[in-house]
Asker: 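Can you read through this structure? Questions will come right after.
For the numbers below, each heavy atom of this structure counts, side chains included, while hydrogens, waters and symmetry mates do not. Residue indices begin at 1 and follow the sequence shown.
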Amino acid sequence: MKKTILLLPLLLLMYCSNGDQFTATPPAAKPMPPVVETDVFNLKVVPEIKLRFSLAEWNKLLQYYDLNPKNEKKVVSNFTFTTNGSSVQLDSIGLKLRGNTSRRRPEGSNGQLHNATNPDWHHAHFALDFSKFISDQRFAGLNKVNLKWFKDDATYSREIYSYDLFRRFGCWTAPKASYCKLTIEVEGDATPAYFGVYELLEAVDEDFLAKKSALWGAGTGFLWKGYNLGSNKADFYSVNSMGVENVSLTPSLSQYYAYDLKTRETELLTAKNQLSEFIANLNMKTGVEFQNWITTQMDVDLFLKTYATSVVLGMWDDYWVNCNNFYFYFAPNGKAYFIPYDYDNSLGTSAILSNSGTQNPLNWGPSSQRPLITKILAIPQYQTVYKNYVKSLTLLQNDYFTAGKSKIRIMGWQSMISGFVSNDTGEDMILNDVPAYWGNQPNYRLLSGNSAGGNSGPANYFTTRTASIPW
């Protein structure tokens, strides 16, 4: 009896009453560790993102697009990120559509509002702003991220591979990128819409600059984004088009600039004077004077390493060729930095250049009106540095760009995402080893092909690019 009495308190601690039955009390769950940035940009997992909209906010997004497809207006969304059993949920984040020629309506046709019974979903790019409506709200230390669909890239790998190569090669100004699964839920719908596999891309903003303060100084300098506007280009030759972009819902009232200021926008005049002075000196100085000056103004070695990587990747929609898709940052340490951006049209998907797989890396773009690269490469010492970086990237023994090691990376990513590609938009449902249909070299492949240069049947881009280096 004594033994039974001693056990009763223990039994009462282990069991709780549930009517006439007793059920075990489960142990308290251990708190999951918080999601941090390394969980977000992790190429070994495919986290889930869910965006939830009220019906009114989703319809606003569609209506804003109809008024001006290039609009920058943000609507309210709720956000959930789940990876490895941990979740983060944020309310009232800002969301807008993004992209240039790739910007599109995520549902239906112009003038149509959300159709809850028979929605016509479309892949679209989204930009998320976690602090837009709640000051100082952050996700894993990030203020903004971009979600990109794999437009015209049936391999689901080109931009992922490019940013991964920048990081492997020590080009620390490049943003990070990884994969995710995206679901969109509109209030009142019977089921959420699964949008498939997306690219999760780090935004280049003030938080991005602050995280690298140990490398380019604390504080915020002037950050510019370069565009090709046709008659005005961010060519570092002309200074005719500098300002702060202002996109109105009325297209005719919108203002665009070749050099678009992204930080400290109220100090536009000071920023313009700094950029104008840099461009004037870049073009006027020659010989030893230029070499001494550019060494004080830029991290030339890092710039050449970054550009060597960009050219090996076959990036043609960039500064050297098209005066487009880059950031230029005047950092607090007194030097300016080139930040590569937008690499979905790479690795054999090309235009403008006749053949991005065989083009000479020393003659990548025009030789005139591109002084930021051509004047630096005209200095023998710097040209040697650039050539050595190109060679280092393509050497067989290095774990960078060679066909064998590149294929392993890409096939690993494809194996990881292949079960998640099918989606409710009905678009981009098949992994296929082909470049964009509109490119000028449809024969390039990433996982197969020979080194024939893309002109006589399927050619492997990595093999062709490596074999074409003339030194």
Asker: Please name the residue in the list Asp342, Asp153, Asp164 that meets the salt bridge (charged side-chain N to carboxylate O under 4.0 Å, His left out) test with Arg158.
Answerer: Asp153
Asker: Do the two ring centres, one from Tyr327 and one from Tyr341, sit under 6.0 Å apart?
Answerer: yes
Asker: Does the plane of the ring in His114 sit parallel, tilted or perpendicular to the ring in Trp121? Use 30° and 60° as the thresholds.
Answerer: tilted
Asker: Side chains of Tyr343 and Ser310: is there a donor and an acceptor less than 3.5 Å apart?
Answerer: yes
Asker: Would you say the side-chain atoms of Tyr382 and Thr295 include a donor-acceptor pair closer than 3.5 Å?
Answerer: yes
Asker: Just checking Phe338 against Tyr307, ring centres under 6.0 Å apart?
Answerer: yes
Asker: Does some side-chain heavy atom of Ser102 sit less than 4.5 Å from a side-chain heavy atom of His125?
Answerer: yes
Asker: Please work out whether the ring planes of Phe53 and Trp58 are parallel, tilted or perpendicular, with thresholds of 30° and 60°.
Answerer: perpendicular
Asker: Taking the six-membered ring for Trp and the single ring otherwise, decide whether the centroids of Tyr444 and Phe462 are under 6.0 Å apart.
Answerer: no
Asker: Hey, does the Lys NZ or Arg CZ of Lys74 hover above the aromatic six-ring of Phe133, less than 6.0 Å from the centre and inside 45° of the axis?
Answerer: no
Asker: Would Arg370 count as a cation-pi partner of Trp364, with NZ or CZ less than 6.0 Å from the six-membered ring centre and within 45° of the ring normal?
Answerer: no
Asker: Given side chains that start at C-beta, do those of Leu393 and Tyr400 come closer than 4.5 Å, heavy atoms only?
Answerer: yes
Asker: May I ask you to check whether Phe222 and Tyr329 place their ring centres under 6.0 Å from each other?
Answerer: no
Asker: Measuring centre to centre across the rings, with the benzene-like ring taken for any Trp, is Tyr179 within less than 6.0 Å of Tyr198?
Answerer: no
Asker: What orientation do Phe328 and Phe330 show, parallel under 30°, tilted 30 to 60°, or perpendicular over 60°?
Answerer: perpendicular
Asker: Using 30° and 60° as the class limits, which term best fits the ring planes of Tyr319 and Phe236: parallel, tilted or perpendicular?
Answerer: perpendicular
Asker: Show the numbers, then the answer: is there a ring pair (Phe, Tyr, Trp, His ring centres under 6.0 Å) between Phe278 and Trp224?
Answerer: CA-CA 13 Å; Phe278 178 89; Trp224 298 88; over 10 Å; no
Asker: Validate the cation-pi geometry between Lys181 and Tyr194: distance from NZ or CZ to the six-membered ring centre under 6.0 Å, angle to the ring axis within 45°.
Answerer: no
Asker: Report yes or no: is the cationic atom of Lys132 (NZ for Lys, CZ for Arg) closer than 6.0 Å to the six-membered ring centre of Phe130, at no more than 45° off its axis?
Answerer: no
Asker: Between Trp413 and Tyr156, is the ring centroid distance below 6.0 Å?
Answerer: no
